Amino acid sequence: QAQLVESGGGLVQPGGSTRLSCAASGSRFNYYAITWFRQAPGKEREEREGVLCISNRATSTYYKESVKGRFNVSRDNANNMVHLQMNSLKPEDTAVYYCVTDQMGLCPRTTTWKLFRSWGQGVQVTVSL
């Protein structure tokens, strides 16, 4: 099973930008869609929300209307990496962000945390003055 490790994040001012990275192990990374989830402060695991997904063909599917036009995702298959570029950040973007995969190639139209068995530690993004 693919192992994913998130990096990046930290404290960002409102309106600022940051980039998260997701490093994957395994030779089949190129075949997998990668989904970003986030868990806001005070929320339980069951309340993790899908943010967006990138398919194995590098097409994006957005699950959060509020991040359209601000977040985008890209993949670097040569280095087994996926990047989440986050721009125009807002305090409500504050959360722990996770990258996950169900080892399928396409991104479904909707998603839920229940589809994913393996979760990493995630990275904290805090948007605040």
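For clarity, every value in this text was computed on a predicted model and none was experimentally measured.
Under a 4.0 Å N-O distance rule, the pair D102/R117 does not qualify as a salt bridge.
Y97 contributes no side-chain N or O that, together with a main-chain N or O of S7, makes up a donor-acceptor pair within less than 3.5 Å. Remark: side-chain polar atoms of R70 are paired, donor with acceptor, to backbone N or O of S66 under 3.5 angstrom. Side chain of D93 to main chain of K90: a donor-acceptor pair is present (N/O by atom type, distance under 3.5 Å, no hydrogens or angles).
By the criterion of side-chain heavy atoms lying less than 4.5 angstrom apart, applied directly or through intervening Ile, Leu, Val, Met, Phe, Trp or Tyr residues, Y63 is not grouped with W36; the two fall into different hydrophobic clusters. Linking ILVMFWY side-chain heavy atoms closer than 4.5 Å, directly or via other members, places V96 and V73 in two distinct hydrophobic clusters. V51 and V12 fall within the same hydrophobic cluster, defined by Ile, Leu, Val, Met, Phe, Trp and Tyr side-chain heavy atoms under 4.5 Å apart, directly or through other members. In the hydrophobic clustering of ILVMFWY residues, with side-chain heavy atoms under 4.5 Å counting as a link, V123 and L4 come out together. V127 and L84 fall within a single hydrophobic cluster, where Ile, Leu, Val, Met, Phe, Trp and Tyr are joined by side-chain heavy atoms under 4.5 Å apart, directly or via other members.
Summarising the geometry, atom CG belonging to N87 is positioned 9.5 Å from atom OG1 belonging to T18; distances are rounded to the nearest 0.5 Å. Separation of atoms OG (S128) and CD (Q13) is listed at 9.0 Å; rounding is to 0.5 Å. The line from CG of L11 to OG1 of T126 is 6.0 Å long, rounded to the nearest 0.5 Å. Note that CZ of R48 is 14.0 Å distant from NZ of K43, once rounded to the nearest 0.5 Å.
Residue-environment remark: CD (E46) exceeds the threshold of 12 foreign heavy atoms within 6.0 Å.
Among residue pairs with one or both ends in residues 32-71, those qualifying as disulfide bond (SG atoms under 2.5 Å apart) are C53-C107; sequence neighbours excluded. The list of salt bridge (Lys or Arg N to Asp or Glu O under 4.0 Å) pairs with a residue in residues 14-28, not counting sequence neighbours, is empty. Sorted by first then second residue, the disulfide bond (SG atoms under 2.5 Å apart) pairs that include residues 5-34, not counting sequence neighbours, are C22-C99.
Side-chain contact check for P14 versus L129: some heavy-atom pair is nearer than 4.5 Å. Side-chain atoms of E6 and L20, non-hydrogen and from C-beta on, never get closer than 4.5 Å to each other. The shortest distance between side-chain heavy atoms of I54 and V82 falls below 4.5 Å. Counting heavy atoms from C-beta on, the side chains of F37 and W119 come closer than 4.5 Å. Taking 4.5 Å as the limit, some side-chain heavy atom of Q85 sits within range of a side-chain heavy atom of S17.
Judged by the 6.0 Å and 45° rule, R38 forms no cation-pi pair with Y98. Judged by a 6.0 Å distance limit and a 45° cone about the ring axis, R75 is positioned over the six-membered ring of F29.
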Problem - Audit row: M104, Y32, side chain to side chain contact (heavy atoms under 4.5 Å, CB included) steps and yes/no - result: CA-CA 5 Å; M104 303 297 287; Y32 301 152; over 6 Å; no
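No hydrogens or angles considered: nothing links the side chains of S74 and H83 as a donor-acceptor pair under 3.5 Å. Looking at T94 and E92, their side chains never bring a donor and an acceptor atom within 3.5 Å of each other.
The shortest non-hydrogen separation linking A33 to G105 is CB-O, 3.5 Å. Across G50 and K64, no two heavy atoms sit closer than the pair O-CG, 3.1 Å.
Screening T111, T35, L115 for a side-chain contact (heavy atoms from CB on, under 4.5 Å) with V100, the sole residue that qualifies is T35.
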